[in-house]
S.K.: 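To start, I am sharing the structure in question, which I have written as structure tokens.
Since this is a predicted model, take the numbers as computed values, not measurements. Reminder, nothing fancy here: chain letters follow the sequence lines and each chain counts from 1.
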Amino acid sequence: MDDITILRELRADVQPDPAGLQRARQLLERAEAHADGSTSSRWPRLRLPPWLARRRATVRIAIAAGLAAAVAGGVLAVESATVGGHPVGASATAAEALHRAANAALRQRPAPVPGPGQFLYRREVGGQSLATMGEVIVGKDGSASSVPPGPNAQHLCQSVHEEWQPTDPRQPVLIRRTDGILVRPGNGDPTRMPHDPLCQYGTFTADAEVDVAGDYAAPTPAFVAGLPTDPAALYERVRRDVVAGGHALVDDETLVVLTDLGRSASPYLTPQLTAAIFRATAMVPGVDYVGLGKDILGRSGTVVGRTEPGRGERREIVFDTSTGVMLGERSVVTNPNPCSPPATPCATQTASMPPVGTVIWQSAITTAVVDWVPDLRRSPTR
Amino acid sequence: MTGTPQQTSGSPAPGPDPAGEVGGRCDGAEVGVGGDTDAAAVLASLHRPERFARLFDRHAPEIHRYLARRVGATVADDLVAQTFLVAFERRAAFDTSREDARPWLFGIATRLLRRYHRDEVRAYRALARTGVDPIAGCHADRVVTRVDAGVSVSRLGAALGEMAAGDRNVLLLFAWADLGYEEIAHALDIPVGTVRSRLHRARARLRGVLAEAAGPPDPEETR
């Protein structure tokens with residue numbers, strides 16, 4: 001039996017889910033119904049996929065039989081209050097901190113943006129606990145196989161991902177991986193960090209692909225220009241995009257997208273838009289005040305966060321209320337066994353999740369305008 | 001770091017399997033049903049957008065299955081929707097000299113997969129470490145620990161997890177999407193020579209780990 005035949009047998013039993021296909025077809029039908037028959041061969045106006053481009057490697061939990069079943073005893077679930085069916089958003093303390101940051105952002109000057117011939121340099125520093133980098137199955141009967149914690153479970157896989165983005169979208173982006181090797185997008189795995197034997201399966205800093213049209217995680221001037229600076233309108237816009245993208249966990253994803261935008265460190269974000277991001281974040285149900293904390297770069301700030309029931313971790317944002325800067329993002333364990341009780345038809349969960357309160361991943365992005373890029377030809381080779 | 005460079009000419013990699021059924025395609029997707037080609041459907045959809053759904057009906061199950069095998073059914077649900085939404089928006093750019101839209105659609109799907117690169121790799125890694133496949137399904141009875149006698153799935157997981165993303169894309173488009181060299185080149189917008197060299201490198205790695213599992217190399221597997 002040759003290698004391809006063997007490979008073809010792997011996961012050969014995976015079958016399409018009729019319900020998922022039906023939902024996808026409905027989305028397509030909706031798009032068809034709104035089409036006027038004229039099309040463009042240029043980049044689409046539809047902006048559904050790109051904002052997922054910087055999805056971080058949070059622990060992905062596939063819920064097989066509906067989220068409600070996964071809301072188990074012991075899971076730290078943040079209740080979102082509603083008035084007349086409408087969410088009232090973040091807790092009062094969290095909202096107050098976010099609005100303070102918004103006010104501070106409005107006092108800032110716009111950041112300098114790259115001019116012709118210049119580059120936007122973007123550096124993302126990330127860290128992820130080794131314990132969260134492998135999943136196991138939890139069957140319907142509660143059976144589970146997990147990776148033993150081991151002495152290295154708390155080891156933090158750290159990565160630094162650098163990009164030089166030219167102002168001319170026809171020019172190529174340059175990437176420097178964690179191991180210091182320079183690559184062009186598509187010419188090498190940008191996440192490789194083979195220098196760390198415990199973390200050789202890649203890291204979770206940004207993907208190499210840069211959408212010339214921009215997206216929530218890597219906004220361009222044109223993309224920013226299309227975003228409302230009214231907080232409620234921005235919140236609704238993001239939420240609409242999330243729903244249109246077919247996401248079931250709308251509140252969770254809305255916070256992800258707003259945080260992607262806020263922490264992008266993009267110079268194209270105006271003070272008005274930055275303020276709107278903070279205020280829109282205050283509208284996301286379930287966002288709560290956590291306290292003071294630091295991002296992965298050691299910068300201190302205020303922390304708010306949100307726990308999605310069944311996920312076992314709290315997404316947190318670290319921001320500076322005095323400058324209105326969103327510093328970083330991190331995730332903290334709230335329940336080491338989010339798939340309990342055993343009867344829950346939960347799918348995957350993180351193996352040997354560290355104790356409650358452990359930061360299992362974090363990331364921060366900084367940017368600068370530069371006039372030069374490193375010489376690809378003088379880079380070490382793979 | 002990633003394997004030994006191999007010469008690109010004279011690659012031992014075979015062409016596409018004409019049968020294409022080894023992996024058990026069970027979705028019933030067909031191309032050009034009843035003389036109505038994909039290209040015709042795309043052309044028609046330029047003025048009658050609802051015609052585009054024909055492409056969905058023909059290919060969505062196959063695309064979904066490919067995506068689900070790579071990143072799991074939950075993410076595949078999202079990605080198959082996004083694949084067809086992107087395709088619909090870009091349909092004017094479709095090369096209608098190509099009757100079959102599968103390479104185009106698989107190319108879009110594979111590009112969308114990049115965002116889930118880390119999740120995909122972690123699942124391979126989990127498979128490598130535990131012998132239990134997170135993607136195989138949620139049910140304990142679908143947990144497969146062996147693909148075939150003598151071949152541990154963990155070794156497959158290790159090979160797939162360690163592979164460069166570009167090599168893995170080519171390999172899985174070949175093995176799981178049943179695309180040929182030229183179709184993969186079109187899907188990924190890369191030269192056919194690059195497809196050959198990537199596939200050669202990926203298969204060399206695959207054979208390496210399988211040989212480790214099986215002991216002395218089997219001449220059948222090195223053809």
S.K.: Let me know which of B:Y66, B:W176, B:F174 forms a ring-ring contact (aromatic ring centres under 6.0 Å, His included) with B:F106.
M.R.: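 Of the listed residues B:Y66, B:W176, B:F174, the ring-ring contact (aromatic ring centres under 6.0 Å, His included) partner of B:F106 is B:Y66.
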S.K.: Between atom OG1 of B:T96 and atom CG of B:L43, what is the distance when rounded to the nearest 0.5 Å?
M.R.: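 These two atoms lie 4.5 Å from each other.
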S.K.: Considering only heavy atoms, which portion of B:L67 lies under 4.5 Å from any heavy atom of chain A: side chain, backbone, both, or neither?
M.R.: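 Nothing of B:L67, per the 4.5 Å heavy-atom cut-off to chain A.
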S.K.: Between B:L171 and B:A202, what is the shortest heavy-atom contact and its length?
M.R.: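 That closest heavy-atom pairing would be CB-CB, 3.9 Å.
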S.K.: Heavy-atom cut-off 4.5 Å, strictly under: side chain, backbone, both or neither for B:A68 against chain A?
M.R.: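 Backbone plus side chain of B:A68, per the 4.5 Å heavy-atom cut-off to chain A.
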S.K.: Less than 4.5 Å to any heavy atom of chain A: does that hold for the side chain of B:I63, its backbone, both, or neither?
M.R.: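 Looking at B:I63, nothing touches chain A.
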S.K.: Would the distance check show the side chain of B:R155 and the main-chain N or O of B:G208 forming a donor-acceptor pair, the cut-off being under 3.5 Å?
M.R.: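 Not confirmed, B:R155 side chain does not pair with B:G208 backbone.
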S.K.: For A:R23, is it the side chain, the backbone, both or neither that has a heavy atom under 4.5 Å from a heavy atom of chain B?
M.R.: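 Side chain only.
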